[in-house]
Amino acid sequence: MKSLVILGATGSIGTSTLDIVRIHPDRYRISAVAAGSDVAGLAAVAREFRVDFAAVGDASLGPALAEALAGTGIASGAGEAAVIEAALHPSDLVIAAIVGTAGVRPTYAAVAAGRRIALANKECLVCAGAEFMRKARETGAEVLPLDSEHNAIFQALGRHTAAEIDRMTLTASGGPFRTWDAARIDAATRAEALAHPNWSMGAKVTIDSASMMNKGLELIEAHHLFGVAADRLDVLVHPQSIVHGLVSFVDGSVTAGMAVPDMRVPIAHCLSHPERIRSGARTLDLAAISRLDFLEPDPVRFPALRLARAALADGGIMPTVLNAANEIAVASFLEGRCTFGSIPRTVEAMLERFARSNSKPAHLDDWLEVDRSVRRETVGHERSAAPYPAH
Ligand code: NAD
Ligand code: MG
């Protein structure tokens, strides 16, 4: 019996994880769960799986959670300290599936305690990847990639090391705007941006997929996870989302990680690694799909990818700036306060503004201080971001 902590238990990844645990009640027990503000959803999960501890991120919701769990004997807490307490609850694996920078401290705490982590929260590695991985090496915390592309690459990599690798490729579906022209993308509505053709995910990562910022964040994630230089990381647009990642070795061999586009596949892989369990996903039927297409991404219609590459190449705090500005701009777009096109423009403006003060912080607190100052600068800016000149 493996015990699990699920951070972000009410979200898309959290819910898919629970689906797999329901198939295997003899193998997994959930010891602690955390969520941001959905008290009813969190309490329902805590009751169903009889967890020991439940934490809600919003500090004001402590009494509501305690009331929802009254009489169950389940302990609860509220605020970031409680989410960290959940992360540190005894477990064999921590599923790090909080969305955004809110996930950094709790996930880092689990890494610092030497826990085994299944990492969905890519923002951890974009915000403070160097420090995150340094801490993992120091404590021996094993970080299993849960993001589908990185999980596919992890599987395709086998036991090979960086010296044997020529290149790594992440695929991207291209999102809902794959065939749209630049002006139409610029003016896209919330509903259009949320209509992802292949994947069902939380709102933030869905918007990031539409702008292709998601692939940019994933390039940075791959750089930290696999220790591969930026110029050896490629992106291919692959509309069918069947091949998720590829590893090209120095001898010319290429291995690909393939599966139906269903997050239960990489989640199940992380849960059972190095064994295999049923995930509930349907079997891949290549004859029914019949063809797989691959195209170069378009950096003109999708400037986010270009910005992420530049941030990764510049290093230091630039990926932190990219991530924080993007998170604010995406939230603003989702609340109807700015256009879709102002998301990359805002990020670009913030990268320019912070380039002058680029640095390499030594401690997590310093990375998070950069994150906060970028957020302060970004708020309000996204509504005035000037349009790109017509191409
Ligand atoms: P989601 O929005 O569906 O869920 C987010 C979860 O985080 C919720 O449970 C929410 O309650 C919790 N949360 C938010 N703020 C919190 C806080 N302050 N404290 C504690 N919990 C908090 O998001 P998702 O789609 O499940 O994505 C989660 C992470 O996984 C993201 O980093 C995303 O990039 C990554 N990811 C998601 C997918 C996917 O298919 N959904 C695929 C790859 C990677
Ligand atoms: Mg992904």
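Throughout, numbering of the chain's residues begins at 1 and tracks the sequence. Start at 1 and go down the list; that is how both ligands and their atoms are numbered. What you see is a predicted model, and the numbers here were worked out from it, not measured in a lab.
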Any luck finding a side-chain donor-acceptor pair between [X] and [Y] under 3.5 Å?
{"X": "His363", "Y": "Glu131", "value": "no"}
{"X": "Asn198", "Y": "Ser241", "value": "yes"}
{"X": "Asp314", "Y": "Asn358", "value": "no"}
{"X": "Thr339", "Y": "Ser342", "value": "yes"}
{"X": "Thr101", "Y": "Glu327", "value": "yes"}

Nearest-neighbour protein heavy atom for [atom], which is reported as residue plus atom name and distance:
{"atom": "atom 27 (O) of ligand 1", "result": "Ile13 CG1, 4.2 Å"}
{"atom": "atom 36 (N) of ligand 1", "result": "Ala120 O, 3.9 Å"}
{"atom": "atom 18 (N) of ligand 1", "result": "Ala102 CB, 3.5 Å"}
{"atom": "atom 29 (C) of ligand 1", "result": "Ile98 O, 3.7 Å"}
{"atom": "atom 42 (C) of ligand 1", "result": "Met263 CE, 3.6 Å"}
{"atom": "atom 25 (O) of ligand 1", "result": "Gly202 N, 2.8 Å"}
{"atom": "atom 32 (O) of ligand 1", "result": "Glu123 OE1, 2.6 Å"}
{"atom": "atom 43 (C) of ligand 1", "result": "Asp147 OD1, 3.0 Å"}

Salt bridge between Arg306 and Asp298, side-chain N to carboxylate O under 4.0 Å?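 A salt bridge is absent here (no side-chain N lies under 4.0 Å from a carboxylate O).
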Considering only NZ, NE, NH1 and NH2 on the basic side and carboxylate oxygens on the acidic side, decide whether Asp186 and Arg184 come within less than 4.0 Å.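 Answer for the salt bridge query: no.
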Residue [X] vicinity, atoms of ligand 1 by number, heavy atom under 4.0 Å:
{"X": "Ala9", "result": "9 (O)"}
{"X": "Val205", "result": "25 (O), 34 (O)"}
{"X": "Gly11", "result": "1 (P), 3 (O), 4 (O), 8 (C), 9 (O), 26 (O)"}
{"X": "Gly8", "result": "6 (C), 7 (O), 9 (O), 12 (C)"}

[Y] reachable from [X] in the ILVMFWY side-chain graph, under 4.5 Å edges:
{"X": "Met201", "Y": "Leu334", "result": "yes"}
{"X": "Ile277", "Y": "Ile267", "result": "yes"}
{"X": "Ile317", "Y": "Ile328", "result": "no"}

What protein N, O or S atoms come within a distance below 2.8 Å of the Mg ion (ligand 2), ordered by chain and number? Asp147 OD1, Glu149 OE1, Glu218 OE2
Who gets closest to [atom] by heavy atom: [options]?
{"atom": "atom 34 (O) of ligand 1", "options": "Lys122, Arg264, Glu80", "result": "Lys122"}
{"atom": "atom 21 (N) of ligand 1", "options": "Ala35, Pro266, Gly14, Gly57", "result": "Ala35"}
{"atom": "atom 14 (C) of ligand 1", "options": "Ser200, Gly36, Ala82", "result": "Gly36"}

Does the N or O separation between [X] and ligand 1 drop below 3.5 Å for any pair?
{"X": "Val83", "answer": "no"}
{"X": "Ser12", "answer": "yes"}
{"X": "Thr10", "answer": "yes"}

Report yes or no: does a heavy atom of Asn121 sit under 4.0 Å from some atom of ligand 1? yes
Please state whether Ala97 comes within less than 4.0 angstrom of ligand 1, counting heavy atoms only.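 Heavy atoms of Ala97 do come under 4.0 Å of ligand 1.
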Classify the ring geometry between Trp199 and His244 as parallel (under 30°), tilted (30 to 60°) or perpendicular (over 60°). tilted
Would you check if the distance from the ring center of His160 to the ring center of Phe249 is below 6.0 Å?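 They qualify: ring centres under 6.0 Å apart.
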Taking the ring centre of each residue, are Phe302 and Phe177 less than 6.0 Å apart?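 Not under 6.0 Å, so no.
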Least distance between heavy atoms, Ser31 atom then His89 atom: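 Minimum heavy-atom contact is OG-CD2, 3.6 Å.
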What distance separates Glu348 CD from Leu307 CG, expressed to the nearest 0.5 Å? 5.0 Å
Please name all residues satisfying side chain to side chain donor-acceptor pair (under 3.5 Å) with Arg178, sequence neighbours left out, ordered by chain then number.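 Expected list: none.
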